Amino acid sequence: MRRLLVSVLLSLLVISVGIGETGPSRPILGFADESARIERDWEAKLMAIPKSENVREYVKRLSARPHHVGSPYDKDNAEWLLAKFKAWGLDAHIENFDVLFPTPKDRLVELLEPTHYTAKLAEPAVAVDPTSGQQVEQLPTYNAYSADGDVTGSLVYVNYGIPEDYEQLDRLGISVKGAIVIARYGASWRGIKPKLAAEHGAIGCIIYSDPRDDGYFHGEVFPAGPWRPPDGAQRGSVMDMTVYPGDPLTPGVGATGSAKRLPLTEAKSITKIPDLPMSYADAQPLLAALQGPVAPESWRGALSITYHVGPGPAKVHLKVKANWDIKTLYDVIVRIPGAVYPHEWIVRGNHHDAWVNGAEDPSSAMAPEMEEARALGDLLKQGWRPKRTIIYCAWDGEEEGLLGSTEWAEEHAEELRQHAVAYINTDSNDRGYLGMAGSHSLERFINEVAHDITDPETKLSAWSRLQLKQISSAASAEDREELRHRTDLRIGALGSGSDYTPFLQHLGIASLNLGYGGEDGGGIYHSIYDDFYWYTHFSDTNFAYGPTLAQTVGVTVMRLADAELLPFEFTDSSDTIQRYLDEIKKLLKSKQDEVRERNREIDEGLFTATADPKQTRVPPPREELPPYLKFAPLENAVEALKRSSTSYATALTRARENGGAKLTVASLQKVNALLIESERRLTSPEGLPQRAWYRHQIYAPGYYTGYAVKTLPGVREAIEQKRWQEADAEMARVGKIIESEAQLINVAAHELENALR
Ligand SMILES: [Zn+2]
């Protein structure tokens with residue numbers, strides 16, 4: 001690398017919320033005053049480029065035909081994207097991987113007793129919606145990576161099919177052993193439902209969409225309104241992504257032609273029992289045929305039936321068989337070389353594949369990504385040169401299990417570990433508020449970006465609109481106070497459900513997931529009705545937010561690529577980790593209180609005294625009191641992290657106060673290398689208990705929730721699942737990792753202080 005003898009003035013922003021902070025000369029975190037001015041000029045040029053008409057045209061083209069993995073239009077879209085990127089003057093290519101992708105061969109659900117009903121398992125075309133009739137190319141409704149099977153058994157309704165629901169079933173004295181369960185969509189990643197059903201001894205699983213969750217309970221159904229019509233069904237993957245995502249046959253390595261593949265029988269992420277999704281029109285006769293206890297109140301949906309749990313007398317025959325084929329993925333990759341730090345990469349991605357036409361998921365966010373790429377191409381022609389290398393990615397196979405991103409990240413793992421600064425993801429985009437989630441070392445940075453983006457509906461900044469929205473829905477006066485006075489709005493933590501997972505949780509690359517939404521609901525997710533007609537009638541109908549997303553992410557990428565000092569900050573992240581630790585302590589305390597109280601009630605004879613002898617009620621078992629755990633290693637580590645974060649913040653402030661402090665490229669490079677390393681330090685090569693692929697020790701998708709994040713997952717899940725020794729061991733292990741992070745931040749703070757002398 002060239003050693004440039006350029007000195008740069010470094011100025012670092014402590015954001016103050018309020019009026020008087022706008023204007024072109026405002027400082028930017030990580031930029032010297034003069035370079036912030038230049039950066040703002042380029043950003044203004046970038047923000048003027050994205051156009052609603054273009055976003056509309058791209059969404060229309062991408063969603064014109066069904067384009068799941070392996071379909072002709074999936075490849076066609078990838079080649080069209082490639083041609084577009086090249087036409088904008090960018091260096092682009094396609095990378096292929098060969099992955100296991102099952103498509104349906106046999107699908108059957110029959111009610112055998114007490115009456116006969118054969119489920120339609122089909123979504124009808126709608127006259128006003130032109131693409132809904134493309135039946136030849138549509139994937140039928142099914143759940144990919146379900147095991148094959150042909151089973152018959154009594155039916156049991158299990159509500160959402162999450163752990164609490166099985167505890168309820170125990171109280172009702174109902175077992176699902178040998179039964180087929182019917183669960184409703186919601187409350188977890190869908191793959192958790194067949195996984196838990198199998199763990200409890202069920203032989204088959206049906207997942208249906210209840211109108212309470214995304215149908216007529218909320219409003220008019222499609223095509224009169226945006227909500228799920230009676231025959232609408234949610235396709236989706238039931239791969240056990242909480243163990244590892246990506247191609248089930250090549251865990252940990254890229255699914256290239258020469259990769260070693262597991263035999264199908266050894267692929268751990270395929271379900272243990274057969275599983276199919278269905279509409280509520282198909283589910284109603286099955287649910288109506290159940291007897292047994294009336295379902296607990298919170299289990300009842302919005303169908304006009306009395307919800308019973310079963311088992312039986314409904315008896316069901318379920319048959320699932322797939323074509324277990326290998327299909328080719330088409331990842332489109334664009335590379336813009338960095339002019340100063342070419343070995344530091346900013347990676348940005350969105351998927352291009354869909355379950356069917358996919359206007360909302362994913363085209364509504366793929367199209368803005370294209371506008372960003374077009375804008376960057378334009379800036380390059382005008383003379384802009386990013387300091388760092390920028391890599392734009394359009395992933396294939398996200399829907400089936402993050403296939404395209406995972407295989408690419410695994411194939412390029414070593415390079416990415418060395419070079420990647422950050423990964424920025426989007427997936428879908430609608431009208432409303434900016435959603436921000438990701439690594440908390442980027443919380444300050446992304447808040448600053450949000451201050452600079454104008455919301456198209458209110459003309460407030462995206463940040464101010466979000467702040468006011470959060471105040472309006474805050475749970476307590478304390479929360480409202482914090483929202484009014486804390487410098488940054490808190491960003492969410494990432495679990496799983498989109499392509500950031502391999503970058504953040506496997507490779508330890510600081511990541512962000514962004515998108516607008518919250519004003520329009522709907523019930524077309526993963527159905528044939530997620531198409532251009534639906535999106536242009538019921539979502540961001542005039543594509544006002546497409547350019548806004550392109551501006552938001554475009555500025556995010558440019559700032560990361562151009563900053564002299566990388567815009568990481570650690571007081572937000574140490575504050576957040578402190579909260580996670582407090583939550584875990586509370587979790588243990590509430591478990592202790594709960595068990596203590598319940599044991600007391602058992603001793604008092606409360607359950608036998610209050611049980612209706614005419615109904616079956618099983619008292620809960622006496623449990624051993626959860627022990628006190630050894631929090632000290634974690635507490636000490638979080639204290640150390642807070643101290644080092646403060647040291648780094650002090651160094652940043654000094655750099656700013658010195659105003660003219662001169663930092664050489666060489667000293668900046670030293671600090672930047674540590675900042676890039678800071679997220680890697682939060683991973684460990686042995687991974688999480690039960691799932692080595694997941695290496696991040698702060699964020700993981702819950703083993704029994706899927707999409708939803710578990711923070712400090714090793715410790716939290718050990719406590720939730722009552723593995724007390726493991727909880728102590730995890731606290732010691734995670735404590736060491738956080739200590740090591742604190743040391744790294746201390747070194748970075750010292751480097752920065754030394755450079756200022
Ligand atoms: Zn998506």
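Computed from a prediction, not measured in an experiment: that's the story for all the values here.
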* Where do Trp384 and Asp562 land on the side chain to side chain donor-acceptor pair (under 3.5 Å) test, with the steps shown first? -> CA-CA 10 Å; Trp384 169 70; Asp562 286 341; 3.0 Å; yes
* **Chi angles and distances behind the side-chain contact (heavy atoms from CB on, under 4.5 Å) call for Trp88, Asp378** => CA-CA 7 Å; Trp88 295 328; Asp378 216 29; over 6 Å; no
* Could you go through the side-chain contact (heavy atoms from CB on, under 4.5 Å) check for Ser496 and Leu402 one step at a time? => CA-CA 10 Å; Ser496 190; Leu402 319 179; 3.9 Å; yes
* To do: Determine, stepwise, if the pair Cys393 / Val347 fulfils side-chain contact (heavy atoms from CB on, under 4.5 Å).
  => CA-CA 8 Å; Cys393 314; Val347 189; 3.8 Å; yes
* Give the C-alpha distance, both sets of side-chain angles, the deciding distance and a yes or no for salt bridge (charged side-chain N to carboxylate O under 4.0 Å, His left out) between Glu482 and Arg490. => CA-CA 10 Å; Glu482 182 185 282; Arg490 294 184 181 277; 2.7 Å; yes
* Show your reasoning for whether side chain to side chain donor-acceptor pair (under 3.5 Å) applies to His351 and Asp396. => CA-CA 6 Å; His351 68 100; Asp396 199 355; over 6 Å; no
* **Full working for side chain to side chain donor-acceptor pair (under 3.5 Å) between Ser472 and Gln470** => CA-CA 5 Å; Ser472 79; Gln470 292 188 350; over 6 Å; no
* To do: Please test Leu560 against Arg388 for side-chain contact (heavy atoms from CB on, under 4.5 Å), starting from the C-alpha separation and ending with a verdict.
  => CA-CA 8 Å; Leu560 285 165; Arg388 298 186 176 79; over 6 Å; no
* Asked: Do Tyr545 and Glu457 pass the side chain to side chain donor-acceptor pair (under 3.5 Å) test, and can you show the C-alpha distance, the side-chain angles, and the key distance before you say yes or no?
  -> CA-CA 9 Å; Tyr545 279 86; Glu457 289 179 337; 3.3 Å; yes
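Asp361 places no side-chain N or O within 3.5 Å of a backbone atom of Ser428 that could act as its donor or acceptor partner. In this structure, the side chain of Thr683 does not engage the main chain of Glu679 through any donor-acceptor pair within 3.5 Å. A distance-only check finds no donor-acceptor pair linking the side chain of Glu360 to the backbone of Asn429 [under 3.5 Å]. Checking side-chain atoms of Ser363 against main-chain N and O of Met366 turns up no donor-acceptor pair under 3.5 Å. No donor-acceptor pair closer than 3.5 Å links the side chain of Arg335 to the backbone N or O of Ile390.
In this structure, CG in Leu752 is found 6.0 Å from CG in Leu565, a value given to the nearest 0.5 Å. Distance check: Leu581 CG to Glu635 CD gives 6.0 Å after rounding to the nearest 0.5 Å. Taken from CD1 in Ile333 to CH2 in Trp395, the straight-line distance is 4.5 Å, to the nearest 0.5 Å. Here CE of Met370 is found 9.0 Å from CG of Asn54. Values are rounded to the nearest 0.5 Å. The line from CZ of Arg716 to NZ of Lys710 is 7.0 Å long, rounded to the nearest 0.5 Å. Atom-to-atom distance recorded for Phe568:CZ and Ser439:OG is 7.5 Å, nearest 0.5 angstrom.
When every heavy atom of Thr711 is checked against every heavy atom of Glu583, the shortest pair comes out as OG1-OE1, 4.2 Å. Of all heavy-atom pairs spanning Asn447 and Leu489, the tightest one is OD1-N, 2.7 Å. Ser644 and Ile745 make their closest contact through O-CG2, 3.4 Å (heavy atoms, listed as atom of the first residue, atom of the second, distance). Here the closest heavy-atom approach between residue Ala420 and residue Ile509 is recorded as CB-CD1, 3.6 Å. Between Leu483 and Gln467, the shortest heavy-atom contact is O-NE2, 3.0 Å. When every heavy atom of Pro386 is checked against every heavy atom of Ile336, the shortest pair comes out as CG-CG2, 3.8 Å.
Counting non-hydrogen atoms of other residues, nucleotides and ligands closer than 6.0 Å to NZ of Lys670 gives a total of 12 or fewer. No more than 12 heavy atoms of other residues, nucleotides or ligands shown are found within 6.0 angstrom of NZ on Lys86. Applying the 6.0 Å contact sphere to CD of Glu478 captures no more than 12 heavy atoms from other residues, nucleotides or ligands.
Inspection of the Ser441 and Glu443 side chains reveals no N or O donor paired with an N or O acceptor under 3.5 Å. Using a 3.5 Å distance cut-off with no hydrogens or angles, the side chains of Glu95 and His93 do pair a donor with an acceptor. In this model, no donor atom of one side chain and acceptor atom of the other lie less than 3.5 Å apart for Tyr500 and Gln505. Using modelled atom types and a 3.5 Å distance limit, the side chains of Gln697 and Ser684 yield a donor-acceptor pair. Between the side chains of Thr650 and Thr653, no donor-acceptor pair is found at a separation under 3.5 Å.
The pair Asp455-Arg465 meets the salt-bridge criterion, with a side-chain N (NZ, NE, NH1 or NH2) lying under 4.0 Å from an Asp/Glu carboxylate O. With salt bridges taken as basic N to acidic carboxylate O contacts below 4.0 Å, none links Lys84 and Glu369. Between Asp488 and Arg444 there is a salt bridge, since a side-chain N of the basic residue sits under 4.0 Å from a carboxylate O of the acidic one. The pair Arg680-Glu677 does not count as a salt bridge, with every side-chain nitrogen at least 4.0 angstrom from each carboxylate oxygen. With respect to Glu639 and Lys642, a salt bridge is recorded, a charged nitrogen being found less than 4.0 Å from a carboxylate O. Between Glu53 and Arg56 no salt bridge is recorded (no basic side-chain N to carboxylate O distance below 4.0 Å). A salt bridge links Arg559 with Glu448: the distance from a Lys NZ or Arg NE/NH1/NH2 to an Asp or Glu carboxylate oxygen falls below 4.0 Å. Between Asp572 and Arg486 there is a salt bridge, since at least one side-chain N of the basic residue sits less than 4.0 Å from a carboxylate O of the acidic one. Between Glu57 and Arg61 there is no salt bridge, since no side-chain nitrogen of the basic residue lies less than 4.0 Å from a carboxylate oxygen of the acidic one. Remark: Asp520 engages Arg431 in a salt bridge, criterion side-chain N to carboxylate O under 4.0 Å. Checked for salt-bridge contact, Arg348 and Glu372 meet the test: a charged N lies under 4.0 Å from a carboxylate O.
If you run side-chain contact (heavy atoms from CB on, under 4.5 Å) between Val553 and each of Thr548, Ile424, Leu512, only Ile424 comes through. Under the side-chain hydrogen bond (donor to acceptor under 3.5 Å, both in side chains) rule, Thr426 has a single partner from Asn350, Thr552, Asn513, Asp499, which is Asn350.
Taking the six-membered ring where tryptophan is involved, the planes of His696 and Tyr699 are tilted, since the angle between them lies from 30° to 60°. Between Trp408 and Phe503, the angle of the ring planes lies from 30° to 60°, which puts this pair in the tilted group. Relative orientation of the Tyr580 and His440 rings is perpendicular, given thresholds of 30° and 60° on the angle between their planes. Taking the six-membered ring for Trp and thresholds of 30 and 60 degrees, Tyr648 and Phe570 have ring planes more than 60 degrees apart, a perpendicular arrangement.
The salt bridge (charged side-chain N to carboxylate O under 4.0 Å, His left out) pairs that include a residue from residues 741-753 are Arg654-Glu753, where partners are two or more places apart or lie in different chains.
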